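The structure under discussion appears below in the form of structure tokens.
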Protein chains: 2
Amino acid sequence: MRNPPATLTDIARLAGVSKMTVSKVLNNQPGVSRETYKQVMEIAQRLNYTPHYAARKLAGGKTNIVGMVVPSMESSFVSEVVHGAGKALEEAGLDLLLFTDHLNYPQERMFSVSRGLADGLLLVIPRSLERYDHPQLRAQLPIVVVEPLNQKGSLPVVCAENYLSSRKVVEHLLALGHHRIGMIGGNPKVKSSHLRLQGYRDALSAAGLPVNEQLIRPGDFTQMRGFAAANELLNLKEPPSAIFAANDVAAFGAYDAIKNHGLRIPEDLSVVGFDDIFQAAQVFPPLTTVHQPAFEMGTAGTRLLLSMIQGLEPAVNHLELPTELVIRASTGPYRGPQTV
Amino acid sequence: MRNPPATLTDIARLAGVSKMTVSKVLNNQPGVSRETYKQVMEIAQRLNYTPHYAARKLAGGKTNIVGMVVPSMESSFVSEVVHGAGKALEEAGLDLLLFTDHLNYPQERMFSVSRGLADGLLLVIPRSLERYDHPQLRAQLPIVVVEPLNQKGSLPVVCAENYLSSRKVVEHLLALGHHRIGMIGGNPKVKSSHLRLQGYRDALSAAGLPVNEQLIRPGDFTQMRGFAAANELLNLKEPPSAIFAANDVAAFGAYDAIKNHGLRIPEDLSVVGFDDIFQAAQVFPPLTTVHQPAFEMGTAGTRLLLSMIQGLEPAVNHLELPTELVIRASTGPYRGPQTV
DNA sequence: TTGTATGCGTTATCAT
DNA sequence: ATGATAACGCATACAA
């Protein structure tokens, strides 16, 4: 066997046909006689031919590779999405080109590589969607976004049900007998924050309960602000018997505040979070929270992308996947008014 | 902005120079006057130019992408190696093309894509190295192997110290007062099995103890065989007071056998494994074992690969990284002869 | 310092 | 059913 890999030309020469015919054979295209087909295949095999993907892509073909942009792989959300996408890709026989978009990663590099080497792009971005919503790129390459925050944008997005999940949380607390339920909001710049808040409001209203604005405290998804907001709630004349934080991290802040007040979870106060990050199961007491279907978001996003690569218009522009309320030890039955 | 992305030709036309000059400017090559440089850069920026990587690769350039072949990402060993590699790549500004080489994944596809799209290939293969040791591919692309089994082959390999690790294990048991130490071997087809066994022998000899061949039982890395081997050891007239299994899974088999005999770990019998797979910390009692430096193997392998991509000969053809003995609850002091 | 010519391996278009 | 030709976008070698 020679050093330089065999090319279409090599096969064509040996088979006594044109490159074009060889190309057709190798791509299972119609318009080739059984005989030449067989002969070409044989020679290709003997020469151990494999196509050169750069050349193929350059000439307008597909590579069967999809690019995937993620922030650091450390996050459990991200790594689950990657797994999910990996499964969908595996089934379809595609491979994965992974961009870890850390700070000061040259963004144009990612665009450039994707356009040149991949057939489509999956954006997994917990935050800052605008940063990626680039009209030029969209015109050149099918793109799908997977993200947990229900951000708006012109790209097809796969996310999780925020509104309904939030209602489920409040209904869970109501079922436990809580009627004064505090809410720590999320970053108001993000759509999911509003959805989660609206779910809270509507669940209360649906239960015939008033919505007490004093019990609603603004937040920003940080633990520090969660701590402060919980303190505000605990210092009310009539503090709540349960607190729903718009994300787990803020809930951890609430944990701190509650413990600082000498109160116990869930005996004195129930707490619920949102996201089900890894630490949610590790803290004490383990946090009741809403599990984001990261794996499924990965598979769903990938399948949507694959269909777009096939040339189909995206079936949906906004896909919301159902979540699951994970009931752990931070929520318990209402035990009467608090004495602070 | 036009729909089709800007190319070198576009820039050249607008700048009134040749493609070649533009190429030089964009690649920071010498031989361009400051003026034309500035002008070209300006236009490139205005046109939002990004290079087409397929074209670049086809023309002999680099893509700054390295391919990585892994079996399913489920294994903690693999995912740690991926993280380690990711870090090294991130530092160097490269990206990762990931192949999940599941059963019936067309292997030629992976070769083909790598050759065409990547600058180098990192093989992470817990088993069956021969399957990948393909002379043709090696000639076309720098390749480095990361694997835990010390397999032999013509490719540069990064693995872990097996011999010394094994000695450390036995020394740990000796320090606890054990002198009859049973050994459950690994798959004899694999070099690491022999190294681990040799470490066992030499550690005993170095301590002035005889090597009792009865205490050495063949194994094959499976839990079932570990179970059987441990039974053989326990049924000896003079059973050992400690068992060293050549891998964690076999150690779990030994756990079963020991418990079946009504013995306790570590009170009646100490057990040590090898690998530190995820479950090692989950079983009861948590298993003392040798931790494979997966993350470091990933970074080291990547760095070696990067140097080869630079055109350097591999500094070493076989890199062994130190391991760490993780002492958990499955080993304890010797408490006198066993009564079975 | 700058430009020209050529080729990388494949696919698309259009002809035969 | 098969083939000739051009084109994809870039880099290399060499010439001016």
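All values reported here derive from a predicted model rather than from experimental measurement. Each chain gets a letter, A, B and so on, in the order the sequences are listed, and its residues count up from 1.
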Just how far, in rounded Å, is P of D:dG3 from CZ of A:Arg13?
-> 15 Å
Check A:Lys24 against A:Val32 and note the closest heavy-atom contact, atom names and distance.
-> CB-CG2, 3.8 Å
Do B:Leu123 and B:Met68 come close enough that some side-chain heavy atom pair is under 4.5 Å?
-> no
Value rounded to 0.5 Å, distance of SG in A:Cys159 from CG in A:Leu319 = 7.5 Å
Between C:dG3 (C1') and B:Met20 (CE): distance, integer Å | 9 Å
Between C:dT2 atom P and B:Gln39 atom CD, what is the distance in whole Å?
-> 10 Å
Are A:Thr36 and D:dT2 close enough that a side-chain N or O sits under 4.0 Å from OP1 or OP2?
-> yes
Polar atom pairs (N or O), protein with nucleotides 7-10 of chain D, under 3.5 Å:
from, atom 1, to, atom 2, distance (Å)
D:dC8, O2, A:Leu58, O, 3.2
D:dC8, O2, A:Ala59, N, 3.4
D:dG9, N2, B:Ala55, O, 3.3
D:dC10, OP1, B:Tyr49, OH, 2.2
D:dC10, OP1, B:His52, N, 3.4
D:dC10, OP2, B:Leu8, N, 2.6
D:dC10, N4, B:Lys19, NZ, 3.0

Does the side chain of B:Tyr37 reach to within under 4.5 Å of the side chain of B:Asn28, using non-hydrogen atoms?
-> yes
Please figure out whether A:Gln29 or B:Ser18 has its closest DNA chain C nucleotide nearer the 5' end.
-> B:Ser18
Would you tabulate the nitrogen or oxygen pairs shorter than 3.5 Å linking the protein to nucleotides 14-16 of chain C?
none

Just by distance, do the side chain of A:Arg56 and the backbone of B:Gly116 share a donor-acceptor pair under 3.5 Å?
-> no
For atom NZ of A:Lys57 and atom C1' of C:dA12, their distance in whole Å | 15 Å
Identify the heavy atoms of A:Ala55 and B:Leu58 that sit nearest to each other, and give their distance.
-> CB-CD1, 3.7 Å
Would you say the side-chain atoms of B:Thr299 and B:Thr302 include a donor-acceptor pair closer than 3.5 Å?
-> no
Spacing of A:Leu26 atom CG relative to C:dG9 atom P, expressed in whole Å | 15 Å
List the atom pairs, donor and acceptor, that lie under 3.5 Å between side-chain atoms in residues 79-92 of chain B and the rest of the protein, sequence neighbours left out.
from, atom 1, to, atom 2, distance (Å)
B:Ser79, OG, B:Ser76, O, 3.4
B:Glu91, OE1, B:Arg303, NH2, 3.2

Look at B:Thr21 and C:dG3 and indicate whether a side-chain polar atom (N or O) is within less than 4.0 Å of OP1 or OP2.
-> yes
Counting heavy atoms not belonging to B:Gln45, are there more than 12 under 6.0 Å from its CD?
-> no
